[in-house]
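So that the names make sense, note that chain A is the first sequence line, chain B the second, and so on, each numbered from 1. The figures here come from the full heavy-atom set of this structure, side chains too, leaving out hydrogens, waters and symmetry mates.
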Amino acid sequence: MTDQQSSPLSAPADMAAARQRFDDFGLSPEILRALRDQGYEYPTPIQAQAIPVVLQGRDVMGAAQTGTGKTAGFSLPIIQRLMAHANTSASPARHPVRALILTPTRELADQVAENVKAYSRHTGLRATVVFGGVDMAPQVAALRSGVEIVIATPGRLLDHVAQKSINLSQTQILVMDEADRMLDMGFLPDLQRIINLLPRQRQNLMFSATFSPEIKKLAASFLSNPQTIEVARSNATSDNVTQILYEVKEDEKRDAIAFILRERGLKQVIVFTNTKIGASRLSVHLVKQGVKAAAIHGDKSQSERMTALEDFKRGAVEVLVATDVAARGLDISEMPCVINYDLPFNAEDYVHRIGRTGRAGAKGDAISLCTPQDDKALADIEKLTGRKIVRLQLAGFVPASAVPYRERERENRYEQRSERSEHPRSRGSYGGSREKVDPWFLRPYTPNTAPAGARTEKQASANASSAPKPQKRAALLGGLRKMPTAG
DNA sequence: AAAAAAC
């Protein structure tokens, strides 16, 4: 809950009487103080609905997109309920985990934890976050010292369960955030195992952006007599977001992105790709063009992921090239624009991706590149969002392939020389065949009017590059996480 | 077809 919160002083006087305030919920002075610290006074619609219901101890099935203030909607009343039954013993053993919040991605867990810590800072309650890809020891130490609230991704949580560094036998409240995403990611067995470790008598809160049959089934099996909370029609795109669609050729996409970034002078933008390798490649390409870009995806080490996100938030990185790891949940304020380098495979992912902009009533642009192959994806998106998206030509855009080779060679001379030592042929690993050379840094000039045969050859070379040698792929992806550790 | 998540 940061950017979606309206300014405390912005409510017109004539509205103030009708408008609910956080003071109206009977939250403790310590919680209200934390809210004041952050300058929050008025609840968002989801908060106004969720807080009283959660305070009553009821189960909740909430349909809410990120950016609606959902996190505060469940964490404020949870903190209140835990305070109401405070445990004053100094012994860590007397501080069993009392509330567990599960999220699908590590970044989301981290972000939720930051919010929970902020809201509980004056209460004496302690919260910690637990996720994979980082050293376990500090997490074990935090858990041992005694925490009432744990925010976790499922895999690492079960890891802690296995080595007995966490005890869930006293956990009275369970939150499943982004439940639809967790199902998509195959977390159902893990969720089942975790739930089996909890007391039967507990409060369950489930949040999901969509209400698929699978989600309803999950709700039916895990929730008891839940109150349904819905703030906006699900699958709807925000009216604040202007959707723009440019039709380009596949091999023109990189140039088109660079062109769009330059033309619009974009300083805070996420570019989504469908693949991890695609994210890495595009970010390397943009950096070569002088763009402050970084990639974030699941094959990056956790420290690289965190660095990229922090650098992006503080402005050192202006273009975050991301896979769908960043499509949901991430709360980055003031994002005026989101770009789809690839149209996503699932229409729902499109909604989540463009939901990263146009938050808190601000205007935003969602720019997508599409190729003629994307007809089906586009039709699915238009069906889901109930809107027609007009295809436009990217005015003024000249792809690099349209610039005569000799001219490009002159422009790129320095770059090409510096790359030459990395040339696969110089290492003999690719043999001498020109078709197998990665066209990334040696792009043969192909006239736009090339005959069909030449086009096929170009495609073959593009295909070869989409399956680089494992070593090169690993270097690109920066997959520290995948490196074997001792033993 | 892809991505994410434990070691």
Practice problem: Look at all strands and tell whether N346(A) reaches a base, only sugar-phosphate, or nothing, counting heavy atoms closer than 4.0 Å. | Solution: base

Quiz item: Between atom CG in D342(A) and atom P in dA3(B), what is the gap in whole Å?
Solution: 10 Å

Self-check item: Integer-rounded Å distance: dA4(B) C1' and D349(A) CG
Solution: 11 Å

Quiz prompt | d(CD1, I296(A); P, dA2(B)) in whole Å | solution = 21 Å

Distance-only donor-acceptor hits, side chain of residues 316-324 of chain A, under 3.5 Å, sequence neighbours excluded:
{"residue": "T323(A)", "atom": "OG1", "partner": "V325(A)", "partner atom": "N", "Å": "3.4"}
{"residue": "D324(A)", "atom": "OD1", "partner": "R353(A)", "partner atom": "NE", "Å": "2.8"}
{"residue": "D324(A)", "atom": "OD1", "partner": "R353(A)", "partner atom": "NH2", "Å": "3.4"}
{"residue": "D324(A)", "atom": "OD2", "partner": "R353(A)", "partner atom": "NH2", "Å": "3.4"}

Practice problem: Return the nearest nucleotide to the side chain of T275(A); candidates are dA2(B), dA6(B), dA4(B). | Solution: dA2(B)

Quiz item: Side chain of F345(A): nearest nucleotide among dA5(B), dA1(B), dA6(B)?
Solution: dA1(B)

Quiz prompt | Interatomic distance, D299(A) CG vs dA3(B) C1' [rounded to whole Å] | solution = 10 Å

Practice problem: Look at the side chain of D184(A) and the base of dA3(B), then say whether one donor and one acceptor between them are separated by less than 3.5 Å. | Solution: no

Exercise. Give a yes/no answer on whether the side chain of R305(A) brings an N or O atom under 4.0 Å of OP1 or OP2 in dA3(B).
Key: no

Quiz item: T153(A) side chain N/O closer than 4.0 Å to the phosphate oxygens (OP1, OP2) of dA6(B)?
Solution: yes

Quiz prompt | E310(A) side chain to T307(A) backbone, donor-acceptor under 3.5 Å | solution = no

Quiz item: Rounded to the Å, how far apart are R353(A) CZ and dA3(B) P?
Solution: 11 Å

Exercise. Send over the distance from R106(A) CZ to dA3(B) P, rounded to a whole Å.
Key: 15 Å

Self-check item: Shortest non-hydrogen separation from A179(A) to L218(A) and the atoms involved
Solution: CB-CD2, 4.4 Å

Quiz prompt | Under 3.5 Å: donor-acceptor pair, side chain of D255(A), backbone of A400(A) | solution = yes

Practice problem: Figure out the CD/C1' separation between Q302(A) and dA6(B), and round it to whole Å. | Solution: 13 Å

Practice problem: Measure from CZ on R193(A) to C1' on dA5(B) and round the result to the nearest Å. | Solution: 13 Å

Would you give me the side-chain donor-acceptor pairs under 3.5 Å for residues 166-176 of chain A, sequence neighbours excluded?
{"residue": "N167(A)", "atom": "OD1", "partner": "S169(A)", "partner atom": "N", "Å": "2.8"}
{"residue": "N167(A)", "atom": "OD1", "partner": "S169(A)", "partner atom": "OG", "Å": "2.8"}
{"residue": "N167(A)", "atom": "ND2", "partner": "S169(A)", "partner atom": "OG", "Å": "3.4"}
{"residue": "T171(A)", "atom": "OG1", "partner": "V97(A)", "partner atom": "O", "Å": "3.0"}
{"residue": "T171(A)", "atom": "OG1", "partner": "L168(A)", "partner atom": "O", "Å": "3.2"}
{"residue": "Q172(A)", "atom": "OE1", "partner": "R98(A)", "partner atom": "NE", "Å": "3.3"}

Exercise. Would you tell me if any nitrogen or oxygen in the side chain of T323(A) comes within less than 4.0 Å of OP1 or OP2 on dA4(B)?
Key: yes

Quiz item: When we call it a touch if two heavy atoms are under 4.0 Å apart, what does D324(A) touch: a base, just sugar-phosphate, or nothing?
Solution: nothing

